[in-house]
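Structure first, commentary second.
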Amino acid sequence: MVNVTDGYGSSILGYPRIGPHRELKRALESYWHGSLSREELLEVGRDIQEQQFSELAATGLTQVPGNTFSFYDHVLDNALMFGAVPKRFQPYQDVMEPLDFYFLMARGRPDLPPLELVRYIDTNYHYRQPELDADTDFSLHPEALLDEFDRAKERGIELRPVMLGPLSLLLLSKAGQVPGEAEFDTLTLLDKLLPVYEELFDILAKRGATCVQLDEPAFTSERSEAELAAFERAYQRLSKAPLRPRMLVTGQYGDFGPALAILAASNVEAIGLDLASHRIRPEDLAEVPGIRRKRLYAGVISGRNVWRADRYVTLEYLNELAKVCPDLVVSTGSTLLHVPYDLLVEYDIEGNVADRLAFAKQKVGEVVSLAKALTEGPSDKWRKRPTEVHFKQKHAVRQRVYAITPQMREREPYAQRRIAQQAKLNLPPVPATTLGSFPQTDRIRQARYELGEGRLSYDEYRKRIEAEIETTIRLQEDIGLDVLVHGEHERNDMIQYFAELLDGFATTHFGWVQVYGSRCVRPPIIYGDVARPAPMSVEWITYAQSLTDRPVKGMVTGPVTMIARSFVRQDQPLHETADQVALAIRDEVVDLERAGIAIIQVDEPAIREMLPLRDVGRAEYLRWAVGAFRLATSGVRPETQIHTHIGYSGRAEVVEAIEQLDADVTAIVATRSIEWVLKALKEDCASGHGLSHGVGPGVYESRSARIPDIDELDELLTAAAEAVTPERLWANPDGGLKTRHYWQLEPSLRNMVAAARRIRRRMPTAE
């Protein structure tokens, strides 16, 4: 351990990995398209790694994390490092180049679905979920980790290798299940996995590594007694390994809960706490037996928002923590993967807002500055507090929020609405539709860029978008979809598009954050009261509707998703911000109805994603989240059909919340786990506690290149019809189609339409 008299340490738990200018994204897509060689792609990866660890070492951090780079996803990297390859991929492992085999698992191919893409803890990042079964064997493949460690060491930099802890690797994996047998518990593989970790520790210790970081984010969620017992057994064993580096075990993304006491009682040397998400009182921390003997990585700088920490308040807190844990390292609460690279490249953010912000580079500076101040006291630059920044407030917005009544969150009973909607829409059973976006051509992206640069007039831009909309409408008519979409060609992103048109939001030019693989977004920043100055989508939706007699859905992002995928102001409760956004969305929904749009989809994929990881606060969160959605959607007449798009969760309280949203139709993201969804829907409906409105359990994965055949889709739709009845069933993919090519989506949609028509023909009431 470092003597405190040498000063307090500083570190971070991870860093963005796409490159400061999205170099990795461009290289990946060039490689996948065949215009970049394998060696050129590997060179891009090495350059990003070396630039990162060299820059971090130069900032003054006393410890630099390693093994945080990934060509696609760090969870998949960990699964492969420990040899967790599903049986369906094993025949290809020895006959393919390692990198291509890696991408096969991540991206799949038409005859081989990839690993399922699921959300990582409660972040907006998504990972490829490892698949484990009772026969899974583990083996060590640390070549990439060791190569980076050695390259850094040649430059005089010792990296702290980062990896998923064994419990989180197992708990974040998907359990294979044999039909007719009990569900497999991945934790039964723990005793097979731990020796492989010990083998890696031995190699790292002999290589000269003095510390290794094991991330256990799964234990910031509610865990059973059996899971906690497995956690204790694992770290009792690993901490007694005969040859190993010091161990840092982190609990990122929330409250470490009972896991903290377990680690404090073990021989683990260091514990990382996310004190930015869950601030523990020093006096409560002092009551944890054994904590004073540990090195505490105090994660006081958030890795999940872009607001600067109050350095005086934070320093005072650190001083109190140091009295409990004298061996203290100032750190981030989580990896900085979830924030943009550098604030200083942004030239368009209002100064009063920019003064409050810190992106990844600035957060590293905060960590180093706080550690130095903790050791030496505040520098002269700290003597003057920064000017207090006031968030923008609009009196009219606040008055509208105060005037919200319970009646504004209510619609007529669903039974009445259903009759009115069927009379107006006259849709067939099992209507076929999509969930919004279609691929964006290079021509459209170029038009949007030229419009932003002032090199293209709005009239010319509108003509180009309208031409693309017409092409999309004609294609959908030819495919045979019953309810159409306009394709969202005018939108850069489902969040950013609306953020740019709403007051109270700031957007960035270069604030890219990785979602998965090469997919990146620029989360907006909510810094003030939110209002809608003018209609945002009505122009495009009404144009699309003018081209066809079939209904075209209006497409709007819901209030909870808008705040979940933005960096949100922290000076007021989330529910107040949600209601402000909901009122703006309500105005848009009402204007769409007035313009003659009969079906309006208000997407809320994040309503499940924001669910608190622990039981405390869940009921309150669902109360205001459901209330915000209903506020946004309850201003329309009974005959206007409200759709939503949501991620599936088996939690009973979430199923109940979906019902309480009172949407007329709910599309569920669940393709790769659809059997679980259908089972849950059938059980819930039988018990009277399920979904009683229209349901569209996505029947093919929109993010995969795989084209499902008609028989497969027919089988899924048939099972869904048995679960929710054909009269309430919709056929749709599980998400938008923006990331697909037309040669992929067209046959997939034609097959889906054909399968839906089969269901209709088999219905007793079919004509």
Side-chain angles (χ1 to χ4, degrees), residues 11-17 63-70 73-82 84 118-123 125-130 142 144-145 148 159-173 186-187 190 193-194 196-197 200-201 204 209 211-221 223 227-228 230-231 234-235 238-239 244-257 259-260 262-263 266 268-278 294-299 301-304 329 331-339 514 613:
S11 190
I12 61 173
L13 301 186
Y15 205 64
R17 61 198 184 205
Q63 298 174 29
V64 177
N67 197 41
T68 62
F69 174 79
S70 175
D73 164 49
H74 64 279
V75 179
L76 175 57
D77 293 350
N78 277 263
L80 284 173
M81 182 166 68
F82 292 105
V118 298
R119 182 168 162 267
Y120 188 62
I121 314 298
D122 67 341
T123 71
Y125 179 79
H126 290 68
Y127 73 99
R128 289 293 175 182
Q129 189 175 37
L145 181 154
E148 183 195 30
L159 299 181
R160 182 184 70 239
V162 177
M163 64 199 71
L164 270 180
L167 278 301
S168 289
L169 179 57
L170 295 176
L171 290 169
L172 293 175
S173 296
T186 58
L187 286 186
L190 183 61
L193 179 58
L194 292 179
V196 189
Y197 273 82
L200 177 58
F201 292 171
L204 286 170
C211 185
V212 62
Q213 176 181 324
L214 292 97
D215 296 332
E216 290 285 8
F219 282 81
T220 54
S221 302
R223 288 296 163 195
E227 290 166 338
L228 289 168
F231 184 87
Y235 282 99
L238 291 178
S239 65
R244 64 173 179 81
R246 293 194 305 268
M247 292 170 58
L248 161 64
V249 183
T250 75
Q252 303 183 39
Y253 310 115
D255 176 14
F256 223 166
L260 174 58
I262 291 172
L263 290 173
S266 74
V268 166
E269 289 85 0
I271 303 171
L273 298 180
D274 187 352
L275 301 172
S277 296
H278 178 75
K294 305 299 178 183
R295 171 175 288 178
L296 177 68
Y297 284 68
I301 299 300
S302 175
R304 304 171 66 190
V329 177
S331 180
T332 54
S334 69
T335 172
L336 297 177
L337 172 68
H338 312 294
V339 296
Q514 184 183 31
L613 295 176

Drop me the distance from [X]'s [atom1] to [Y]'s [atom2], to the nearest 0.5 angstrom.
X	Y	atom1	atom2	value
Leu190	Leu171	CG	CG	9.5 Å
Gln213	Leu164	CD	CG	10.5 Å
Arg223	Leu167	CZ	CG	9.0 Å
Arg17	Asp73	CZ	CG	6.5 Å
Leu169	Phe82	CG	CZ	7.0 Å
Asp255	Ser277	CG	OG	10.0 Å

Are [X] and [Y] side-chain neighbours, meaning at least one heavy-atom pair lies under 4.5 Å?
X	Y	answer
Leu260	Phe219	no
Leu159	Asn67	no
Leu200	Pro161	no
Leu172	Ile121	yes

Is there a donor-acceptor pair closer than 3.5 Å between any side-chain N or O of [X] and the backbone N or O of [Y]?
X	Y	value
Ser11	Gln63	yes
Thr220	Gly251	no
Thr332	Ile12	no
Ser168	Ala218	yes
Arg304	Ser334	no

Please find the pair of heavy atoms, one from [X] and one from [Y], that lie closest to each other, and give the distance.
X	Y	result
Asp77	Ser70	OD2-OG, 2.7 Å
Gly14	Pro65	N-CG, 4.1 Å
Arg160	Leu248	NE-CD2, 3.7 Å
Cys211	Pro245	N-CB, 3.6 Å
Leu214	Pro166	CD2-CD, 3.9 Å

Does the side-chain contact (heavy atoms from CB on, under 4.5 Å) test come out yes or no for Ile271 and Val249, once each step is laid out?
CA-CA 5 Å; Ile271 303 171; Val249 183; 5.7 Å; no
Ring centroids only, cut at 6.0 angstrom: are His338 and Tyr120 within range, meaning strictly under it?
no
Under 3.5 Å, is there a donor-acceptor pair linking the side chains of Tyr235 and Glu216?
yes
Apply side-chain contact (heavy atoms from CB on, under 4.5 Å) to residues Phe256 and Leu263 and explain how you reach the verdict.
CA-CA 10 Å; Phe256 223 166; Leu263 290 173; 3.6 Å; yes
Pick out which of Thr335, Thr250, Asn78 makes a side-chain hydrogen bond (donor to acceptor under 3.5 Å, both in side chains) with Asp215.
Thr250
Test applied, salt bridge (Lys or Arg N to Asp or Glu O under 4.0 Å); reference residue, Glu269; option that passes from Arg244, Arg295, Arg246
Arg244
Name the one of Tyr127, Phe69, Tyr125, Tyr15 that satisfies ring pair (Phe, Tyr, Trp, His ring centres under 6.0 Å) with His74?
Tyr125
Leu337 and Gln514: side-chain contact (heavy atoms from CB on, under 4.5 Å), yes or no, with the steps?
CA-CA 7 Å; Leu337 172 68; Gln514 184 183 31; 3.6 Å; yes
